[in-house]
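Protein chains get the first letters and strands the later ones, always in sequence-line order, with residue 1 at the start of each. Model, not experiment: these values are computed from the prediction.
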Amino acid sequence: MVAPATVAEAEGIQEQLRQRLDLHEHLTTAPRLVAGVDVSYDRSSPCVTAAAVVFDLATGVEVESAVVPGEVSFPYVPGLLAFREVPILLTALDRLAARPDLVVCDGYGIAHPRRFGLACHLGVVAGLPTFGVAKTPFVAGYDEPGGSRGDWSPLRADGEVLGRVLRTQTGVKPVFVSVGHRTTLHQATTLTLDLSPRYRLPEVIRRADFLSREALRRAQLD
DNA sequence: GCGACAG
DNA sequence: ATCTTGTCGC
């Protein structure tokens, strides 16, 4: 399938995919293989690299990773980020030897203008449970959470709770957690904390960010 | 009508 | 996302 040619077309596809979003059938057992994904961009070309990193939660050890090069074929439009990143993220996930039980995304899930952010989109097309961890506010409003690790406050819009502003480290800026596909907000919150023992962002996201950035740097030399 | 706007 | 030095603090 090729990239949408227009914003209107992308919004139509987004609406179609949203029909397949599952917010009820969620993880029933603790996930063992957790993947983190991220994309790095070149500032002056369409070249990008994506990374998918898998951790075994039972041991806390990194199991495998896949890094792939590619080119973006859709412009950045707030609310349509998935059309930029999902294609190459799917490629990266396909390169993994094992299918992860969960994928943690760098961005939003349902805390999105049309309730279908990157984490929802990737979850639906990959057929995997997902949730999103974003670094900056987007569409929902919130009150500042308490200052200690684990403190959180609801992310809301239109009278709905769309996610949580979660403090993963005491005295550090909080992150914005929202459900993607087949996960609950409670699971997303608990797992984000479990995956962030030392830094603000989940380890799987930090590793994916590092690997994709490093690969892009190498690609730029050739 | 005018800004704001994940990565 | 990316462009970017020093600097404050543990």
Discussion item. Salt bridge or not between A:Arg18 and A:Glu11? Use side-chain N to carboxylate O under 4.0 Å.
Written reply: no
Practice prompt. Look at A:Arg32 together with A:Asp101 and state whether they make a salt bridge at an N to O cut-off of under 4.0 Å.
Written response: no
Item to complete: Answer yes or no for A:Arg207 and A:Phe55: cation-pi contact, defined as NZ/CZ to six-membered ring centre under 6.0 Å and angle to ring axis within 45°.
Response: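 Output no; distance or angle outside limits.
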Worksheet entry | Test side-chain contact (heavy atoms from CB on, under 4.5 Å) applied to A:Pro31 and A:Thr183, A:Val103, A:Leu102, A:Val104, the passing residue |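 Testing A:Pro31 for a side-chain contact (heavy atoms from CB on, under 4.5 Å) against A:Thr183, A:Val103, A:Leu102, A:Val104 leaves exactly one candidate, A:Leu102.
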Item to complete: Mark up nucleotides 1-7 of chain B, 5' to 3', with B wherever a protein heavy atom is under 4.0 angstrom from a base atom, S wherever such an atom reaches only the sugar-phosphate, and - elsewhere.
Response: ----BBB
Worksheet item: Is A:Glu25 atom CD crowded by more than 12 heavy atoms from other residues, nucleotides or ligands, each under 6.0 Å away?
Response: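 No, not enclosed.
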Discussion item. How about CZ on A:Arg95, more than 12 heavy atoms from neighbouring residues, nucleotides or ligands closer than 6.0 Å, or not?
Written reply: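 At most 12 heavy atoms, drawn from other residues, nucleotides or ligands, come within 6.0 Å of this atom.
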Item to complete: Determine whether A:Val177 and A:Leu201 fall in the same hydrophobic cluster, where Ile, Leu, Val, Met, Phe, Trp and Tyr are linked whenever their side-chain heavy atoms lie under 4.5 Å apart.
Response: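 Looking at the clustering, A:Leu201 is in the same group as A:Val177.
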Worksheet item: If you look at every strand shown and take non-hydrogen atoms under 4.0 Å, does A:Ser40 touch a base, only sugar-phosphate, or nothing?
Response: sugar-phosphate
Practice prompt. Identify all stems in which DNA chain C takes part, counting only runs of at least 3 consecutive pairs (Watson-Crick or G-U wobble, each distance under 3.5 Å), and give each as one range with another, ordered by first number.
Written response: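 Output for stems: empty, none.
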Worksheet item: Any donor-acceptor pair under 3.5 Å linking the side chain of A:Asp56 with the backbone of A:Ala58?
Response: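 Pair found, side chain donor or acceptor close to backbone of A:Ala58.
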Worksheet item: Could you give the start and end, 5' to 3', of the contact zone on DNA chain C for chain A, using atoms under 4.0 Å from its heavy atoms?
Response: C:dA1 to C:dC3
